[in-house]
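Structure, as structure tokens:
FYI, side chains are in, hydrogens and waters are out, and symmetry mates aren't considered; it's all heavy atoms of this structure. For ligands, and for the atoms within them, numbers begin at 1 and follow the listed sequence.
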Amino acid sequence: MQKGYSRLLGVIGKPNTGKSTFFSAATLALAEIANYPFTTIKPNRGVGYVRTPCVHEEFKVKDNPKNSLCVDGVRLIPVEMIDVAGLVPGAWEGRGLGNQFLDEIRRADALIHVVDASGGTDCEGRLCKPGEHDPLEDVGFLEREITMWMAAILKKDWPKLARTAETESRDLYTMLEERLSGLGIKRSHISEATRKTGLNADKPASWSDDDFLRFVDAVRRVSKPMLIVANKVDLHTAEANIDRLKKLDYVVIPCCAEAELALRRAAEKQLIDYKPGDCGFRIVQPEKLSQSQVKALETIKEKILVKNGSTGVQEALNMAYFKLLNMVTVYPVEDVEHLADHDGRVLPDAYLVPYGTTARQFAYLIHSELGESFIYAIDARDKRRIGEDAVLKDRDVVSVVSAKKRA
Ligand SMILES: Nc1nc2c(ncn2[C@@H]2O[C@H](COP(=O)(O)OP(=O)(O)OP(=O)(O)O)[C@@H](O)[C@H]2O)c(=O)[nH]1
Ligand SMILES: [Mg+2]
């Protein structure tokens, strides 16, 4: 895992929606899966991959990746994920597994909300007739739970904090940042949330209870961006619900986590040729598959891949990184002619960094010494010099020249 800018994706939702199935499909880590609520109690942590076209074809070189994989021209960059226990209404007050669950997403930078789009599980995750439950309710409830949990953390100290900000003219943002840093909430999140709500940061003591909740809700949206994985698309009741989910203000990704898990496991055993996110697969060892396995694979192809373009699992990870977190991929090299590191490995690393990262910040990320003694960087495409404040772009290949050494 890369240092510095590594991010954590939290897989969340009410019980029994397929969170652990999604997580297993993305990471191939073993996680318990069953059709009843609260199968997961202790969180599962694992490593999934973000997928991006590798630059080696454009540069016409053969690469030798170190921090990532390159399969058929596709770079797979590892990213950390956490799958947590299901959340039920009232969790913020301690219902279900309550705060324990919420505490585990403290450090998550983006949230993947897995919804049972088929409407076959009630609001507490118990099985019901597909179509009976409205998954739109699950979206509203989850937003509320997280907001209320954050509000409860802040509420105790709020009156004092707001008064101090006014009477001692202390900066509200700084005080809130100190108070909320344990939730991965930064000053920039707080100022953006204030701006979005139009509240006066100089007069927080005059905010009403409603203002306070609106503010916390905005902090949640900004600091824990979320997308919706509309899971269980293989069930016929899902389609109409997905159309309705898409009207909400979220990225919505139709998904069949079960299909992805089956494909990934078959690919792991080299029975099929399939990369996460592909729109199809090829059976490579038909003699090792039973008739029913072949039939199951054909069904996945027809009902999921052809219809939706993919199972949705990979797309969700990519969207979380490239859209919600606004990351770009940058390849550091030492030798700009051969695109190699000091061991001669070609295009060894692909780093995920937030858009806006400058050449010098990137140098710091590789090594603090390199950042400190930064002179300039070189763009491997046109061999031009890049100054310290230049913002790096997606798929840039750069070499840092420093007073000490190159990297
Ligand atoms: N039809 C269908 N069922 C699925 C899909 N993904 C998961 N399931 C099933 O949904 C049930 C719950 O799956 P889990 O992955 O354990 O769900 P969870 O959200 O982790 O559940 P908790 O840990 O109890 O909160 C299991 O029976 C899965 O096989 C899917 O894409 N389609
Ligand atoms: Mg689970």
Checking heavy atoms under 4.0 Å, the part of Asn35 that sits near ligand 1 is both

Parallel, tilted or perpendicular: ring planes of Phe212 versus Trp158, cut at 30 and 60 degrees = tilted

Margin query: Under 4.0 Å, counting heavy atoms only: does Phe23 come that close to any atom of ligand 1?
Written below: no

So for Pro15 against ligand 1, with non-hydrogen atoms under 4.0 Å, the contacting part is both

Go through the side-chain N and O atoms of Ser20 and Asp83 and say whether any donor and acceptor fall under 3.5 Å apart. yes

Only residue of Met81, Met327, Arg107, Glu80 satisfying side-chain contact (heavy atoms from CB on, under 4.5 Å) with Arg7 is Met327

ask   = Does the shortest distance from the Mg ion (ligand 2) to an N/O/S atom of Thr21 fall below 2.8 Å?
value = no

- Message: Regarding Asp116 and Thr121, do their side chains bring together a donor and an acceptor under 3.5 Å, going by distance alone?
- Response: yes

In short, Val313 meets Ala26 closest at the heavy-atom pair CG1-CB, 3.9 Å

Restricting to heavy atoms, the pick from Asn16, Thr40, Asp116 nearest atom 11 (C) of ligand 1 would be Asn16

Contact check: Leu235 vs ligand 1, nitrogen or oxygen atoms, below 3.5 angstrom = no

| request: Classify the side-chain pair Arg170/Thr164 by whether it contains a donor and acceptor separated by less than 3.5 Å. | output: no

| field | Presence of N, O or S from Thr40 under 2.8 Å of the Mg ion (ligand 2) | value | yes

Smallest heavy-atom separation, Cys128 atom then Gly119 atom, equals SG-O, 3.7 Å

Numbered in order shown, the ligand 1 atoms found under 4.0 Å of a heavy atom of Gly86 are 25 (O)

shortest atom 7 (C) of ligand 1-to-protein heavy-atom contact is with Thr21 OG1, 3.3 Å

N or O pair under 3.5 Å between Pro37 and ligand 1 = no

shortest atom 16 (O) of ligand 1-to-protein heavy-atom contact is with Ala34 N, 3.2 Å

Nearest non-hydrogen protein atom to atom 9 (C) of ligand 1, with distance, is Glu258 OE2, 3.6 Å

Which is it for Lys66 and Asp343 under the salt bridge (charged side-chain N to carboxylate O under 4.0 Å, His left out) test, yes or no, and what are the steps along the way?
CA-CA 11 Å; Lys66 197 164 70 182; Asp343 296 324; 5.1 Å; no

So for ligand 1, is Ala85 a polar contact partner (N or O within less than 3.5 Å, distance only)? no

One finds that the ligand 1 atoms under 4.0 Å from a non-hydrogen atom of Ser20 are 15 (O), 18 (P), 20 (O)

min-distance protein heavy atom vs atom 6 (N) of ligand 1 -> Asn231 ND2, 3.2 Å

The protein heavy atom nearest to atom 1 (N) of ligand 1 is Asp234 OD2, 2.9 Å

Among non-hydrogen protein atoms, atom 25 (O) of ligand 1 lies closest to Lys19 NZ, 2.8 Å

Can Thr358 and Leu392 be said to form a side chain to side chain contact (heavy atoms under 4.5 Å, CB included), step by step? CA-CA 6 Å; Thr358 63; Leu392 301 178; over 6 Å; no

- Item | Check: Asp83 N/O within less than 3.5 Å of ligand 1 N/O | no

Between the CG atom in Asp171 and the CD atom in Glu178, the distance rounded to the nearest 0.5 Å is 9.5 Å

Between His133 and Asp138, a side-chain donor and acceptor under 3.5 Å: yes

All heavy atoms of Ser223 vs all of Ile185, minimum pair found to be OG-CG1, 3.6 Å

At under 4.0 Å between heavy atoms, what of Ala31 touches ligand 1? The answer is neither

Residue, atom and distance of the protein heavy atom nearest atom 17 (O) of ligand 1 read Gly18 N, 3.1 Å

Pair Thr17, Asn231: side-chain N/O donor-acceptor within cut-off below 3.5 Å
no

Residue, atom and distance of the protein heavy atom nearest atom 10 (O) of ligand 1 read Lys232 NZ, 3.3 Å

If we number the atoms of ligand 1 from 1 as shown, the ones under 4.0 Å from a heavy atom of Tyr36 are 24 (O)

